[in-house]
There are 2 protein chains.
Amino acid sequence: MAKPSNLADASQALPDPNEARVPMDSALDDLIGYAMRRAQLKLFQNLIGRLSDHDLRPAQFSALAIIEQNPGLMQADLARALAIEPPQVVPLLNKLESRALAVRVRCKPDKRSYGIFLSKTGETLLKELKDIAAQSDLDATAALDGQEREELLRLLKKVYQD
Amino acid sequence: MAKPSNLADASQALPDPNEARVPMDSALDDLIGYAMRRAQLKLFQNLIGRLSDHDLRPAQFSALAIIEQNPGLMQADLARALAIEPPQVVPLLNKLESRALAVRVRCKPDKRSYGIFLSKTGETLLKELKDIAAQSDLDATAALDGQEREELLRLLKKVYQD
DNA sequence: TATTGTTATACTCTATAACTATA
DNA sequence: TATAGTTATAGAGTATAACAATA
């Protein structure tokens, strides 16, 4: 297929190959969704790098924090809190159990379900991970001052809690 | 492995099964990264739903907008602008070409490379897609007023442009 | 020898259907 | 029959190595 007749006029406006190698976006520049995706990727990559020292993924850190706040919760609850499907909880919890950070305990009247709890090891590591995550946050938003950071957090919560 | 000795104290504080089924996060509540991930997922899902009417993905929309701003750019440039690897550009561009929205043209002195351009069809559709994306933005951030939306955009740009 | 685009491949993430064991 | 957890599987998204054509 060579140069179809509906090819847009483009023979002019070719960017100088010697100038900035990163094309500008325009059109996308006014979209909150676009800016948020790029900012989120930056924060996520930063956190992934820091957590990798402990061989953990962000979802595993989130799971530990949610378990701490809701000891004894069921896997279905954890899935809902993490906004993932129940089958995805299985390998995640298996990993946490194999590292002795959390445990499944059959303790409910309903013998089908487990209560999920942190181990002492998990509680101790989670303390450290919270500091790491807070530092990652500061690092990835270093362009903001404290007041801007608080305002950003407030606005983001307002968006997702709606 | 049954109830290891380092199991954290958890026999108390079990959430009432009759109350809110969504466990709270705490610990995560002060993290910009966590709030941004949740807000970003909300915006992304909204946009995915709206673009699906046109059988397009967000990355394909972004590609169209970038091509419009940089007619004649090479695939390596597009990959860099989209923050993806060159091999991922191939199926993306194949899709846009099969839909007659964009074209690869061998027109450079370097016969290895292509210049990428929008077709007239692509230009027309892109106009519509921009409105859709803007509406998606407004919809997913309906909890914010105009001033908050501008402030959020400003802060996000400051973060990712750093 | 280096580079553009491409193919092949693999690894992760995510989602769905089906299975088990309890209820 | 319905539910909690699990298994199996398939589809995206993403990354790397290797190849062909060209420089």
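Keep in mind that this is a model prediction, so the values were computed, not measured. Naming: A, B, ... by sequence-line order, numbering from 1 per chain.
For A/Arg104 and D/dA4, the shortest distance from a side-chain N or O to OP1 or OP2 is not below 4.0 Å.
When the nucleotides C/dG5, D/dT14, D/dG5 are ranked by their closest atom to the side chain of B/Tyr114, C/dG5 comes out on top. Across D/dT16, C/dT14, C/dT22, the shortest atom-to-atom separation from the side chain of B/Pro87 is found for D/dT16. For B/Met74, whose side chain is taken as the heavy atoms from C-beta onward, the closest listed nucleotide among D/dT22, D/dG5, C/dG5 is C/dG5. Of the candidate nucleotides C/dT14, C/dA23, D/dG5, C/dA23 has the atom nearest to the side chain of A/Arg112.
To the nearest angstrom, P of D/dT3 lies 13 Å from CZ of A/Arg80. Here C/dA15 presents its P atom at 12 Å from CG of A/Leu82, a figure rounded to the nearest Å. A straight line from CZ of A/Arg57 to C1' of D/dG13 spans 13 Å, rounded to a whole angstrom. One interatomic measurement links the two molecules: CG of A/Asn94 to P of D/dA8, which rounds to 13 Å at whole-angstrom precision. Taking atom CG of residue B/Leu56 and atom C1' of nucleotide D/dG13, one finds them 17 Å apart after rounding to whole Å. Regarding B/Leu93, its CG atom lies at a distance of 16 Å from the C1' atom of C/dT7, rounded to whole Å. Between A/Leu78 atom CG and D/dA4 atom P there is a gap of 14 Å when expressed in whole angstrom units. Rounded to whole Å, the distance from CG on A/Asp77 to P on D/dT3 is 15 Å.
Salt bridge status for A/Arg149 with A/Asp137: absent, with no side-chain N to carboxylate O gap under 4.0 Å. A salt bridge is defined here as a Lys NZ or Arg NE, NH1 or NH2 lying under 4.0 Å from an Asp or Glu carboxylate O, and B/Glu68 with B/Lys130 meets this definition.
Here A/Gln88 lies in heavy-atom contact (under 4.0 Å) with a base. B/Glu85 comes within 4.0 angstrom of a base, heavy atoms only. Nucleic acid contact for B/Pro109: sugar-phosphate only, since backbone atoms but no base atoms lie under 4.0 Å from a heavy atom of the residue.
Both A/Arg106 and B/Asp110 lie near DNA chain D, and the one whose nearest nucleotide falls closer to the 5' end is A/Arg106. Nearer the 5' end of DNA chain C, as judged by each residue's closest nucleotide, is the contact made by A/Ile84, out of A/Lys111 and A/Ile84.
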(message) Between B/Arg50 and B/Asp139, does the salt bridge (charged side-chain N to carboxylate O under 4.0 Å, His left out) criterion hold? Intermediate values first, please.
(response) CA-CA 11 Å; B/Arg50 288 168 182 268; B/Asp139 184 21; 2.9 Å; yes

(request) Decide side chain to side chain contact (heavy atoms under 4.5 Å, CB included) for A/Ile132 and A/Asp53; before the verdict, give the C-alpha distance in whole Å, the side-chain angles of both, and the deciding distance to 0.1 Å. (result) CA-CA 10 Å; A/Ile132 287 172; A/Asp53 296 343; over 6 Å; no

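Between atom CD of residue A/Glu123 and atom CD of residue A/Glu128 there is a gap of 14.5 Å, rounded to the nearest 0.5 Å.
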